[in-house]
Amino acid sequence: MRLATLRFLFLLVAISVQSIFGKSPCDPAWLHIAHLDACFLSAPQPAEFDEAELFCQSYDASLVVINSEDEASIIREFFARENPSFFNWIGMRLDRDTHNFTWIDGISRDYTYFLPDEPGLSGECVAWVLDDKVDGWQAISCQYSQFFMCQKPAQGIITTWHQDDEGIITSPMWPNNYENLEYDTHIIKSEPGTRILLYFESVDTEHNCDVITVTDDYGISGRTLFRLSGSYHNHSVISTRNYVMINFKSDENVVGRGFRMLYKVLKPLSLKVFSNSFGTVASNNYPSSPGSFLIQYYLIQCSPRHHVSLQVKAIRLDRNDKVKLFNGANEKAPKLKIFRHFSTRSSEPIKSTQSNMFIAYDTGEQFSDSNHWAFEYLCVPDGNLGDEIII
């Protein structure tokens, strides 16, 4: 009865707002995950396994099924956001004929994520246990009431994937006007360690209503890099990862030509390593400007039981340039400092606590011929923190 009531309330909401969603790939209250071309609904209250399965089926959906670690990472984020520190049903249960745990859609999958010694003998239905200390699948009694999530294919809108080193992406109907209530999604994915240059050659949309959104991930926790609407020309940005998602949505009135965007995969230049006990690290082509849209990495290596002390000698960056300093040997280390366009020189040295300091330099389009930076560094014994002299 309670699940029937829930379904009735969801239908009332859906009917009242459906007319404004147009080409949306999911019903109201459902979350679209473009990477999976699927829609997800987190149930507002727990239910026994069979009740949860029936609830999902009433929406032509099913309990969540998981094909790979990539999908699992997205589902994990969703469960952690919606129902942290709880068990969550997934679409797997014991087949009493074969005595194997199988997916409810009958499709065999190689991927599993059972906890150690699971599935055990304590239950016939599978839930994902997720809290600060435990992360994995466990077989429990089907009569327990647990939270759950429904999943179904997106409605008629398929995400377009791009994996070439360069290409062109446009809004629907370009160069003619797009339609009202457009919903268009593209994902660009390149090799690990690379980044992606996005160059919006032309943008013509209804300001603040028909919006291009670019995020640095295709799950539910992606960070928005920027949004564009209105009139723009020659706008560029470099992604922070080796994949980006571009989504274009229009509302129910006023249209424009849309957008035309070029992209190119950027591969880092060869790593520059500095292993002397002191020296100078400088931007490419110093003191002149480097080329546009470059990725350059630098590594300062000191002897064990030493740390790096670094002083800014000169810095002038263009509006899309970034210099990032890391407390370790790569970009996975904690950040020490990020220099941007308006960053100024500091008289205080920047110090690592490790024997290495990693520097990542991204250049945007260069509008000046005098953009550059230079750092002087010194390897200092760890016992002398604060006493170093920069030469």
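One-based numbering along the sequence shown.
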Do [X] and [Y] have side-chain N/O donor and acceptor atoms under 3.5 Å apart?
{"X": "Asn284", "Y": "Tyr361", "value": "no"}
{"X": "Asp184", "Y": "His186", "value": "yes"}
{"X": "Asp321", "Y": "Thr363", "value": "no"}
{"X": "Thr159", "Y": "Asp37", "value": "yes"}

Any donor-acceptor N/O pair, Ser355 side chain to Ser303 backbone, under 3.5 Å
no

So, Glu71 side chain and Leu36 main chain: donor-acceptor pair closer than 3.5 Å or not?
no

Between Asp382 and Arg305, is there a side-chain N and carboxylate O pair less than 4.0 Å apart?
no

May I ask you to check whether over 12 heavy atoms, not counting those of [X], lie within 6.0 Å of atom [atom1]?
{"X": "Phe86", "atom1": "CZ", "answer": "no"}
{"X": "Lys264", "atom1": "NZ", "answer": "no"}
{"X": "Asn100", "atom1": "CG", "answer": "yes"}
{"X": "His207", "atom1": "NE2", "answer": "no"}
{"X": "Arg109", "atom1": "CZ", "answer": "yes"}

To check you understand the geometry: which heavy-atom pair defines the closest contact between Glu182 and Glu179, and what is its length?
CG-O, 3.0 Å

So which pairs with a foot in residues 328-339 pass side chain to side chain donor-acceptor pair (under 3.5 Å), sequence neighbours left out?
Arg195-Glu331, Tyr297-Glu331

Run the numbers on Tyr298 and Phe375 for ring-ring contact (aromatic ring centres under 6.0 Å, His included), then give the verdict.
CA-CA 11 Å; Tyr298 310 78; Phe375 302 141; 8.7 Å; no

Assign the ring pair Phe200 / His235 to parallel, tilted or perpendicular, where the plane angle (0 to 90°) is split at 30° and 60°.
tilted

